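Notes follow once the structure below has been shown.
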2 protein chains.
Amino acid sequence: MQITHRQQQVIDACAKLLMTQGVQGLTTKNLAREIGFSESALYRHFASKESIIAFLLEFLFQDIQSRLTPIAMNSKSPSDQVKAIFESQFLFFEKHPFYLVAILSEGLFDASNEIKLAMMKIVNFKMQLLNQLIVKGIENRIFRADIPAEYLVHSLMGNFRLLCLKWKMQDFKFSLTHKGKEMMYYQIKILEK
Amino acid sequence: MQITHRQQQVIDACAKLLMTQGVQGLTTKNLAREIGFSESALYRHFASKESIIAFLLEFLFQDIQSRLTPIAMNSKSPSDQVKAIFESQFLFFEKHPFYLVAILSEGLFDASNEIKLAMMKIVNFKMQLLNQLIVKGIENRIFRADIPAEYLVHSLMGNFRLLCLKWKMQDFKFSLTHKGKEMMYYQIKILEK
DNA sequence: TTTTTGCAAGTAAATATTCACTCACGTGCA
DNA sequence: TGCACGTGAGTGAATATTTACTTGCAAAAA
């Protein structure tokens, strides 16, 4: 995904604003000031605020895709693959927590279909990836077969999401990778029979 | 919790607006129009919009508390108690989905401490309630002991929350109680050893 | 009984502020 | 010349909240 210098600056500005003021602070005025720009200059690079957020999510999607796809294709055990996927996610969000601020603010998406779709794209990709690993794990008799793959995936995603939410609500105080690793240890225990 | 006629009207108006327009539609103007009086009249009954939302959440808390406490205190098995708690929650939210719209739009309210605290009050109450049941279940050797109660609670809450989120994102199309019951069947399977 | 006073609950209108976005107009560079 | 990039000034539409004033009722005072 090619990206101009200005677009990178916009992403950085979003990051700073989301971390310091939350979604409420993500305004065109603040963005422009953060970049060192006029508000109107923003519109030389993006059609609308909506498209800025959509761009942000698309950028996130590309990153997730390029990180997780190789993991899902390697030849390790399903347990290790699932663990690796989440560890990669925890590591990434610990480095770029502002994405979580955006993702966890559901209210942002009611207004815009473009943003809602970008969001769904990410979620669906991750769900499909996990599902395929879980199915493989069940077939290989590594994972329990008494619970449908669909529910195991739901459980993984739900736990992941809640941990991220708690992290955000506690102002990113604890180490997400550490708590995440701990959580995954027990999650794998649940998965394996 | 005593509540005036007007306060009930405000809650009803919030419900209608949250369901038809989401959090974005929850404005003083819309509220006033929905109730059938002026915007300023709103301020005869509430100090601010913030306090309206806080009131809504307090009302929700009272309901949850009075529904769930008896369940946690009866003499059934921990499995049945946990199941009953979530079934009560699913039933309630299926009846009053607008609460979910507010709760799941976390990020939009993080500017207000009053609202944040009201949310935490609800979450903490439910967590503490579940934790005590899980601990009892572990002690009675009904629930697995190889995973700390804290994580089992986290798993329950995470799955619950994600199901509600999916329900909302699909415009409340499927039956929450039905999907919820199905989910709980597998959740209990995970809990029990 | 009549009159006075107080108060809860309402109103229209205005308030100050913020928001995303537009437009006419540079400026420097290929 | 044309184009990419930038600006200052402005726009209408929202936003939550306040203001000064009114109304109906009920209790207290005459």
Side-chain angles (χ1 to χ4, degrees), chain A residues 2-18 20-58 101-102 105-116 118, chain B residues 2-18 20-57 101-102 105 107-116 118:
Chain A
Q2 57 186 16
I3 174 176
T4 70
H5 176 60
R6 279 298 191 207
Q7 285 174 326
Q8 182 60 55
Q9 280 186 294
V10 171
I11 290 187
D12 293 343
C14 285
K16 187 164 179 188
L17 289 173
L18 285 172
T20 54
Q21 311 185 51
V23 263
Q24 312 252 9
L26 197 66
T27 67
T28 52
K29 189 187 218 172
N30 287 347
L31 275 174
R33 169 154 33 85
E34 207 56 56
I35 296 170
F37 233 179
S38 68
E39 260 184 279
S40 28
L42 215 48
Y43 289 86
R44 291 274 172 225
H45 304 276
F46 292 96
S48 63
K49 183 186 166 185
E50 187 184 352
S51 74
I52 292 178
I53 300 174
F55 176 78
L56 205 78
L57 292 177
E58 176 61 26
V101 179
S105 311
E106 291 305 321
L108 259 191
F109 315 128
D110 305 341
S112 152
N113 240 314
E114 191 184 358
I115 296 177
K116 195 173 178 177
Chain B
Q2 57 187 14
I3 174 175
T4 69
H5 176 59
R6 278 298 190 208
Q7 285 174 326
Q8 183 59 56
Q9 280 186 295
V10 171
I11 290 187
D12 293 344
C14 285
K16 188 166 178 186
L17 289 173
L18 285 171
T20 54
Q21 310 185 52
V23 263
Q24 312 253 7
L26 197 67
T27 66
T28 51
K29 190 185 218 172
N30 287 346
L31 274 174
R33 170 154 34 85
E34 206 58 55
I35 295 168
F37 65 6
S38 68
E39 269 185 272
S40 27
L42 217 47
Y43 289 86
R44 291 281 172 220
H45 305 274
F46 293 96
S48 62
K49 183 186 164 184
E50 186 183 353
S51 75
I52 292 178
I53 300 171
F55 175 78
L56 205 78
L57 292 176
V101 178
S105 305
L108 291 191
F109 302 131
D110 59 9
S112 156
N113 242 313
E114 192 184 358
I115 295 177
K116 198 172 178 178

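Remember, predicted model here, so these are calculated numbers, not experimental data. Chain naming here is simple, since letters A, B, ... match the order of the sequence lines and numbering starts at 1 in each.
- Within the 4.0 angstrom heavy-atom criterion, base atoms lie near B:Tyr43.
- For the pair B:Ile35 CD1 and C:dG10 C1', the interatomic distance rounds to 13 Å; values are reported in whole Å.
- Listed nucleotides: D:dT7, C:dC19, D:dA16. Nearest to the side chain of A:Lys29: C:dC19.
- Remark: the B:Asp12 side chain and the B:Gln8 side chain contain an N/O donor-acceptor pair separated by less than 3.5 Å.
- Atom P of nucleotide C:dC19 and atom CD of B:Gln24 are separated by 14 Å, given to the nearest angstrom.
- For C:dA8, the OP1/OP2 oxygens have no side-chain nitrogen or oxygen of B:His45 closer than 4.0 Å.
- Donor-acceptor pairing under 3.5 Å, judged by distance alone, is present between the side chain of A:Ser40 and the base of D:dG8.
- Taking atom CG of B:Leu42 as the reference point, atom C1' of C:dA8 lies 16 Å away to the nearest angstrom.
- Taking side-chain N and O atoms only, B:Arg44 has no distance below 4.0 Å to OP1 or OP2 of C:dC7.
- The backbone N or O of B:Leu26 sits less than 3.5 Å from a side-chain atom of B:Lys49, completing a donor-acceptor pair.
- Separating the CD atom of A:Glu50 from the P atom of C:dC19 is a distance of 18 Å, rounded to the nearest angstrom.
- When every heavy atom of B:Val101 is checked against every heavy atom of B:Leu18, the shortest pair comes out as CG1-O, 3.8 Å.
- In terms of phosphate contacts, B:Arg6 brings no side-chain nitrogen or oxygen within less than 4.0 Å of OP1 or OP2 of C:dA8.
- Using a 4.0 Å heavy-atom criterion, one finds that A:Leu26 contacts the sugar-phosphate atoms exclusively.
- When rounded to the nearest whole Å, the span between NZ of A:Lys49 and C1' of C:dT22 equals 17 Å.
- Counting non-hydrogen atoms under 4.0 angstrom, B:Ser38 reaches a base of the nucleic acid.
- For the pair B:Arg44 and B:Phe37, the NZ or CZ position fails the cation-pi test of under 6.0 Å to the six-membered ring centre and within 45 degrees of the ring normal.
- Nucleotide C:dA9 holds its P atom 12 Å from the NE2 atom of B:His5, rounded to whole Å.
- In this structure, the CG atom of B:Leu17 is 11 Å from the P atom of D:dA16, given to the nearest Å.
- Here the closest non-hydrogen pair linking B:Ala13 and B:Ile35 is CB-CG1, 3.8 Å.
- Between A:Arg33 atom CZ and D:dG8 atom C1' the separation is 17 Å, expressed in whole Å.
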